[in-house]
Amino acid sequence: MTDLPATFAALADSTRLSLLEKLIRDGELPAGALSEGAGISAPAISRHLKVLRQAGLITQRVAGTHRYYSANPQALAQIHGWTRNHRAFWEGSLDRLDTLLALDPEEEEDR
């Protein structure tokens, strides 16, 4: 199971979020491809990847001297579940607010 506070802390950094989005979009990639266009050094990318691995958001596969990274589907499913539960809460709250706002204020005064 993913530690959601650690997950969200890891994703709070825009560079790490961008790296994860790239892995989701493009699939498994070598470290070199992740550092292309990132605008930061390879060692900095490596540190960001380490944080994402420790949070359980990505996995690493070693093939010889190359390291390949991919998004962890289980971690993404847990994030989806968390947001789905909170979405239901907010939709219910907003529906109740809509109902309250739709009440005719003059009708309420007549009571």
Side-chain angles (χ1 to χ4, degrees):
M1 179 168 192
T2 301
D3 177 13
L4 283 174
T7 297
F8 288 124
L11 294 176
D13 181 271
S14 61
T15 300
R16 290 191 289 268
L17 180 60
S18 295
L19 290 170
L20 181 62
E21 287 177 334
K22 188 171 187 173
L23 290 170
I24 291 169
R25 183 183 60 247
D26 299 339
E28 183 180 65
L29 293 171
L34 289 166
S35 61
E36 291 173 5
I40 59 175
S41 68
I45 290 289
S46 180
R47 288 190 295 274
H48 284 297
L49 291 171
K50 181 179 179 182
V51 171
L52 291 169
R53 274 194 332 271
Q54 289 174 336
L57 290 162
I58 65 172
T59 60
Q60 175 184 323
R61 179 176 65 86
V62 179
T65 60
H66 300 284
R67 286 171 174 41
Y68 296 89
Y69 297 91
S70 58
N72 180 356
Q74 291 85 12
L76 299 176
Q78 287 184 333
I79 293 169
H80 176 71
W82 185 87
T83 55
R84 185 179 57 236
N85 290 340
H86 284 74
R87 179 180 176 178
F89 167 77
W90 282 109
E91 284 178 348
S93 296
L94 293 174
D95 289 345
R96 288 189 300 279
L97 179 60
D98 282 343
T99 301
L100 180 64
L101 294 174
L103 293 175
D104 185 1
E106 291 179 15
E107 181 181 308
E108 289 293 315
E109 289 176 8
D110 293 340
R111 289 185 191 178

Q. Does anything in residues 5-34 pair up under ring-ring contact (aromatic ring centres under 6.0 Å, His included), and if so which pairs, sequence neighbours excluded?
A. F8-W82
Which donor-acceptor pairs under 3.5 Å do the side chains of residues 41-53 make with protein atoms, sequence neighbours left out?
| from | atom 1 | to | atom 2 | distance (Å) |
| --- | --- | --- | --- | --- |
| S41 | OG | A44 | N | 3.2 |
| H48 | ND1 | R16 | NH1 | 3.2 |
| R53 | NE | Q60 | OE1 | 3.2 |
| R53 | NH1 | Q60 | OE1 | 3.1 |

Show me the donor-acceptor pairs, under 3.5 Å and distance only, between side chains in residues 61-70 and residues at least two apart or in other chains.
| from | atom 1 | to | atom 2 | distance (Å) |
| --- | --- | --- | --- | --- |
| R61 | NE | E28 | OE2 | 3.0 |
| R61 | NH2 | E28 | OE1 | 2.9 |
| S70 | OG | T59 | OG1 | 2.9 |

**Q.** Residues in side chain to side chain contact (heavy atoms under 4.5 Å, CB included) contact with A33, at least two apart in sequence or another chain
**A.** L29, P30
**Q.** Closest non-hydrogen atom pair between A10 and A55, with its separation
**A.** CB-CB, 3.8 Å
Q. Does anything in residues 14-44 pair up under ring-ring contact (aromatic ring centres under 6.0 Å, His included), and if so which pairs, sequence neighbours excluded?
A. none
**Q.** Between CG on residue L20 and CG on residue L11, distance to nearest 0.5 Å
**A.** 6.0 Å
**Q.** Gap separating the CD1 atom of I40 from the OG atom of S18, nearest 0.5 angstrom
**A.** 9.5 Å
Q: Identify the two heavy atoms, one from A71 and one from L23, that lie closest to each other, and give their separation to 0.1 Å.
A: N-CB, 4.1 Å
(Q) Assess the residue pair N72 and L57 against the criterion (side-chain contact (heavy atoms from CB on, under 4.5 Å)); give the C-alpha distance rounded to whole Å, side-chain angles, the decisive distance to 0.1 Å, and a yes or no. (A) CA-CA 5 Å; N72 180 356; L57 290 162; 5.7 Å; no
